[in-house]
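The structure under discussion appears below in the form of structure tokens.
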Amino acid sequence: MEKMLHAAPVHATLPECFIFPSDKLPQAKSTSGAVSLPIIDLSLGRDEVRRAILHAGKEIGFFQVVNHGVSLEAMRDMEAVCQEFFALPAEDKAGLYSEDTGKATRIYSSTMFDTGAEKYWRDCLRLACSFPDVGDSPRGWPDKPARLREVVERFTAQTRGLGMHILRLLCEGLGLRPDYLDGDISGGDVVLHVNHYPPCPDPTATLGLPPHCDRNLLTLLLPSMVRGLEVSYNGDWIKVDPVAGAFVVNFGCQLEVVTNGTLKSIEHRVMTNLGVARTTVATFIMPTTDCLIGPAAEFLSDDNPPAYRTMTFGEFKRIYSVVKLGLSLNLTTNLKDVQKQV
């Protein structure tokens with residue numbers, strides 16, 4: 001636990017291992033007067049909503065959804081219990097600390113990717129929820145706060161339901177049958193990352209997370225109202241202004257592979273701030289480990305041959321496991337190049 005940022009004494013200065021050269025930390029544009037994430041009202045007509053999701057996905061790869069069906073109570077309870085967890089005494093969390101990336105439930109610092117010596121200003125509680133019965137989730141979950149398991153299970157069930165609804169709307173927009181992405185490609189454990197970014201003594205010199213793309217199928221983020229997320233767009237970074245009661249949604253790498261590049265998994269990063277802690281919850285809809293994923297026949301033709309290799313999700317995670325800041329200066333991650341490393 002001594003490696004956990006939130007459990008350590010307040011840092012007056014930023015430790016050397018967190019500092020990056022300024023040329024590797026290009027500043028983002030403000031969304032004011034520039035580009036902002038589309039906000040999609042899921043209570044509107046089905047045709048309008050699926051067109052909006054498809055357009056937003058192709059244009060930016062990220063969007064926010066409101067009137068999404070996840071109860072306000074479930075969202076507020078989740079935010080509260082996560083903050084309570086990180087406020088617990090260090091001894092109540094020490095048994096959860098692990099640097100083993102294969103462990104389903106753990107607390108760790110920095111990032112899950114192999115970044116060499118690079119360190120990032122973030123602590124994370126990782127939880128894996130079994131599907132379809134969230135109540136059968138693996139043992140080893142935190143036993144404090146006492147209501148954590150109940151709150152997480154209710155939140156996860158509702159959030160996964162929202163994710164599957166978005167995927168079905170997306171399939172319809174692409175001209176596929178609504179359940180095209182049901183089954184193993186979305187049937188793995190639902191993984192939650194409770195991200196905690198403590199106040200940082202020098203936000204201009206470090207990052208909370210490096211530029212990366214999500215390896216899964218679909219991600220839904222319950223954002224803090226404190227800014228931090230930034231998205232790559234047209235060779236620049238744009239700040240995401242969180243909307244009260246909304247989820248931020250982005251496509252994972254597996255959607256890019258299945259659609260043979262029609263949809264893109266977009267690079268994003270997290271900035272830190274000086275004044276307040278920021279806690280977010282990312283819900284990842286995952287394939288099963290042995291799910292074989294490649295470009296679907298519906299997206300292939302003589303003029304559009306497969307651009308990605310077919311492999312299991314487990315193989316993909318093994319290949320796409322290294323993220324270093326110096327590799328991301330062009331603000332893009334080319335999956336085609338990543339797969340050539342096999």
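Residue indices begin at 1 and follow the sequence shown. No experiment lies behind these values; they were computed from the predicted model shown.
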Are any non-hydrogen side-chain atoms of Leu255 and Leu167 less than 4.5 angstrom apart? yes
Can you name the nearest heavy-atom pair linking Cys253 to Ser265, along with the distance? N-OG, 3.5 Å
Identify each donor-acceptor pair in which a side-chain atom of residues 47-55 lies under 3.5 Å from a protein atom, sequence neighbours left out, and give them as a table.
residue: Asp47; atom: OD1; partner: Arg50; partner atom: NE; Å: 3.2
residue: Asp47; atom: OD1; partner: Arg50; partner atom: NH2; Å: 2.6
residue: Arg50; atom: NH1; partner: Glu172; partner atom: OE1; Å: 2.7

Using 4.0 Å as the upper bound for N to carboxylate O, is an ion pair formed by Asp179 and Arg168? no
Same cluster or not: are Leu292 and Tyr180 linked, directly or through other Ile, Leu, Val, Met, Phe, Trp or Tyr residues, by side-chain heavy atoms under 4.5 angstrom apart? no
State whether a side-chain donor-acceptor pair under 3.5 Å links Thr280 with Asn195. yes
Does Arg147, at its CZ atom, have more than 12 non-hydrogen atoms belonging to other residues, nucleotides or ligands within less than 6.0 Å? yes
I need the Ser186 OG to Asn216 CG distance, nearest 0.5 Å. 11.5 Å
Within-4.5 Å side-chain heavy-atom neighbours: Met75 and His68: yes
Answer yes if the ring centres of Tyr197 and Tyr120 are under 6.0 angstrom apart, and no otherwise. no
Side chains of Thr262 and Lys58: closer than 4.5 Å at any heavy-atom pair? yes
Between the CZ atom in Phe251 and the OG1 atom in Thr259, the distance rounded to the nearest 0.5 Å is 8.5 Å
Find out whether Tyr233 and Leu37 are in side-chain contact, i.e. whether some heavy atom of one side chain is under 4.5 Å from a heavy atom of the other. no
Flag side-chain contact, heavy atom, 4.5 Å: Pro145 against Leu148: yes
Please name the pair of heavy atoms, one in Ala246 and one in Val66, separated by the smallest distance, quoted to 0.1 Å. CB-CG1, 3.7 Å
Please report the closest heavy-atom contact between Gln158 and Gly69, naming both atoms and the distance. OE1-O, 4.0 Å
Which pair of heavy atoms, one from Asn260 and one from Pro305, lies closest together, and at what distance? ND2-O, 3.0 Å
Using every non-hydrogen atom in the two residues, find where Val226 and Arg278 come nearest and quote the distance to one decimal. O-NE, 2.8 Å
Can you classify the ring geometry of His268 versus Phe62 as parallel (below 30°), tilted (30 to 60°) or perpendicular (above 60°)? perpendicular
Between Ile185 and Ile293, is there a side-chain heavy-atom distance shorter than 4.5 Å? yes
Atom of Thr312, atom of Thr289 and distance for their closest heavy-atom approach: CB-O, 3.7 Å
